[in-house]
Amino acid sequence: MGIATPPRLQVASWNVNSLRVRLPQVLTWLSQNTVDVLGLQETKVTDELFPIAELRDAGYEALYSGQAGYNGVALLVRESLGTDDIVKAIPEFDHGQRRVLLATVGDLRIANLYVPNGEAVGTDKYRYKLDWLDALHGFLRAELQRYPRLLVMGDFNVAPADPDVYAPDLWRDRVLFSAPERQALNALFDLGLADAFRLFDQSPASYSWWDYRAGAFRRNLGLRIDLMLASPRLARECLECRIDRIPRGWERPSDHAPVMATFERDEL
DNA sequence: ATGGTGGTAGGACCA
């Protein structure tokens, strides 16, 4: 018995770099963290092979949009919550790459994204990334009109600012941190979306992705490219946002760490 | 050091 705590919704985003390889880690992490919604990126699994049974046994309903070999996104939602109004592509920018999954969970609108990597500045893939982000901007502007409580999360493959990069001067003209990419991200901020991580005090050199090579994680040579963007209404209800570095240190890890956020809810 | 590692493939790709 005690004073009832306000209801809270805990949300996380994690690029797992193959759900089939990382499923045991996802299940372990879910058992250790009270998360209501988990967005996954780079699932690299077709819908036919998506591990719905294992996730259902863990208490989660799965929404997924996958393809063979590359890309793939999913939303794991605690079964009691339910989902509605599912969208699997940016309208008028659907090229078959499975990078987008939106759903309404309670009164929260959640967009889970795997933004194109862009390969290198000046390449066709880089151009595609910028076009993709431009289309995303128009789409999210419309979503914000419809849904006051909008959370946009995922692997953005762009670091917002100098403190999000271990060597900003080295990265300033490279993919993941080039000025046009940051400008595209700033355009999303200009819609009123807030970088939830920066609503709170954080440790210096907080990153979400570390290259597999050259001992980058051990040396903390990382970038913060996994983000949670909150609409104005939702930003006011955000109680916490942090990165859980622990799974990046596990054996055979994803190269990304989960980003977590907690929101106070009026009711669910 | 144009390297380094990892996933999906069962070749070169993608990151």
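This one's a predicted model, so the numbers in the text were calculated from it and none came from an experiment. Just so we're on the same page: letters track the sequence lines, and every chain starts at 1.
Closest-nucleotide positions on DNA chain B for Ala68(A) and Trp209(A) were compared, and the one nearer the 5' end corresponds to Ala68(A).
The distance from atom CG of Asp155(A) to atom C1' of dC14(B) is 13 Å, rounded to the nearest whole Å. Look at CD on Gln97(A): it is 13 Å from C1' on dA15(B), rounded to the nearest Å. At whole-Å resolution of the value, NZ in Lys129(A) and C1' in dA15(B) are 11 Å apart. When the C1' atom of dT8(B) is taken as reference, atom CG of Asn71(A) falls 12 Å away, rounded to whole Å.
Looking at Asp169(A) and Arg172(A), a side-chain N of the basic residue comes within less than 4.0 Å of a carboxylate O on the acidic one, giving a salt bridge. A salt bridge links Asp107(A) with Arg265(A): the distance from a Lys NZ or Arg NE/NH1/NH2 to an Asp or Glu carboxylate oxygen falls below 4.0 Å.
Applying the salt bridge (Lys or Arg N to Asp or Glu O under 4.0 Å) test to every pair with at least one member in residues 176-192 of chain A, sequence neighbours left out, gives these pairs: Lys129(A)-Glu181(A).
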Dot-bracket assigned to DNA chain B with the 3.5 Å Watson-Crick/G-U criterion, [ ] for crossing and | for other-strand pairs, is ....((((...))))
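Evaluation of the side-chain hydrogen bond (donor to acceptor under 3.5 Å, both in side chains) rule for Ser208(A) yields Asp226(A) as partners, not counting sequence neighbours. A search for side-chain hydrogen bond (donor to acceptor under 3.5 Å, both in side chains) contacts involving Asn117(A) returns nothing, not counting sequence neighbours. In this structure, Asp244(A) has no salt bridge (Lys or Arg N to Asp or Glu O under 4.0 Å) partners at least two apart in sequence or on a different chain. Remark: Asp94(A) pairs with no residue by the salt bridge (Lys or Arg N to Asp or Glu O under 4.0 Å) rule, at least two apart or across chains. Evaluation of the side-chain hydrogen bond (donor to acceptor under 3.5 Å, both in side chains) rule for Ser13(A) yields Gln41(A) as partners, not counting sequence neighbours. Residues satisfying the side-chain hydrogen bond (donor to acceptor under 3.5 Å, both in side chains) criterion with Arg146(A), sequence neighbours excluded, are Asp85(A). In this structure Arg242(A) satisfies the salt bridge (Lys or Arg N to Asp or Glu O under 4.0 Å) test together with Glu240(A), sequence neighbours excluded.
Here, dC13(B) and dG3(B) have their P atoms 16 Å apart, quoted to the whole Å. To the nearest whole angstrom, the two C1' atoms, one in dA15(B) and one in dG4(B), are 14 Å apart.
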Below 3.5 Å, can you tabulate the donor-acceptor pairs from side chains in residues 72-82 of chain A to any protein atom, sequence neighbours excluded?
unit_1: Arg78(A); atom_1: NE; unit_2: Asp36(A); atom_2: OD1; d: 2.9
unit_1: Arg78(A); atom_1: NH2; unit_2: Val35(A); atom_2: O; d: 2.9
unit_1: Arg78(A); atom_1: NH2; unit_2: Tyr60(A); atom_2: OH; d: 3.4

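Within the nucleic acid shown, Tyr114(A) comes within 4.0 Å of sugar-phosphate atoms alone, with no base atom in reach, counting heavy atoms only. Note on Arg174(A): nothing from the nucleic acid sits closer than 4.0 angstrom, heavy atoms only.
The stretch residues 117-126 of chain A comes close to DNA chain B through Asn117(A), Lys125(A), each having a heavy atom under 4.0 Å from the strand.
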Which protein N or O atoms sit under 3.5 Å from an N or O of nucleotides 2-7 of chain B?
unit_1: dG4(B); atom_1: O6; unit_2: Arg213(A); atom_2: NH1; d: 3.0
unit_1: dG7(B); atom_1: OP1; unit_2: Arg22(A); atom_2: NH1; d: 3.2
unit_1: dG7(B); atom_1: OP1; unit_2: Arg252(A); atom_2: NE; d: 3.3
unit_1: dG7(B); atom_1: O3'; unit_2: Ser18(A); atom_2: OG; d: 3.2

